[in-house]
Amino acid sequence: MKLINIGFGNMVNADRVIAVVSPDSAPIKRLVQDAREKGALIDASYGRRTQAVLIMDSDHVILSGIALDSVTGRFAQEETTE
């Protein structure tokens, strides 16, 4: 199991992440709202502006307060160290 830091000491299992996307588009905003209503939203942004949305294979949606480029860079860095 590979854990990736998504900011503020929060970690996710890299093998369970389907996508890392920007929160700015309307479809992603609807996805986040639907997850909130279902109780499947995890807000790991610590009250900061959401800058990345992680979609998990368990239908959970995770909000991160660090930049999308930083999150994707951490996934890419993890892949090169294997």
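Because the structure is a prediction, the values reported are computed rather than measured. The chain is numbered in sequence order, starting from 1.
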Ser64 to Leu54 - nearest heavy-atom pair and separation: CB-CD1, 4.1 Å

statement: So CG of Asp15 and NZ of Lys2: to nearest 0.5 Å the spacing works out to 4.5 Å

field: Single-linkage hydrophobic cluster, 4.5 Å side-chain cutoff, Val20 and Leu63 together
entry: no

message: A side-chain contact here means heavy atoms from C-beta on lying under 4.5 Å apart; do Met56 and Val17 qualify?
response: yes

- prompt: Can you get from Ile18 to Ile4 by hopping between Ile, Leu, Val, Met, Phe, Trp and Tyr side chains that sit under 4.5 Å apart?
  reply: no

field: Exercise: identify the closest heavy-atom pair between Ala52 and Pro23
entry: N-CD, 4.1 Å

For residues 32-39, which side-chain N or O atoms pair as donor and acceptor with protein atoms under 3.5 Å away, sequence neighbours left out?
| residue | atom | partner | partner atom | Å |
| --- | --- | --- | --- | --- |
| Gln33 | NE2 | Glu37 | OE2 | 3.4 |

message: Once rounded to the nearest 0.5 Å, what's the spacing between atom CD1 of Ile6 and atom CE of Met11?
response: 9.5 Å

- prompt: Restricting to pairs with a member in residues 50-64, which pass salt bridge (charged side-chain N to carboxylate O under 4.0 Å, His left out), not counting sequence neighbours?
  reply: Arg16-Asp57

- prompt: Quick one: OG1 on Thr50 to CD1 on Ile62, what's the gap to the nearest 0.5 Å?
  reply: 12.0 Å

- request: State the CG-CD1 distance between Leu31 and Ile55, to the nearest 0.5 angstrom.
  value: 5.0 Å

Return a table of donor-acceptor pairs under 3.5 angstrom between the side chains of residues 65-76 and protein atoms on other chains or two or more places apart.
| residue | atom | partner | partner atom | Å |
| --- | --- | --- | --- | --- |
| Thr72 | OG1 | Leu68 | O | 3.1 |
| Thr72 | OG1 | Asp69 | O | 3.1 |
| Arg74 | NH1 | Asn5 | O | 2.9 |

statement: Closest non-hydrogen atoms of Asp24 and Lys29, given as atom of the first, atom of the second and distance, are O-CE, 3.5 Å

field: Ser58 side, atom OG; Ile42 side, atom CD1 - distance, nearest 0.5 Å
entry: 7.0 Å

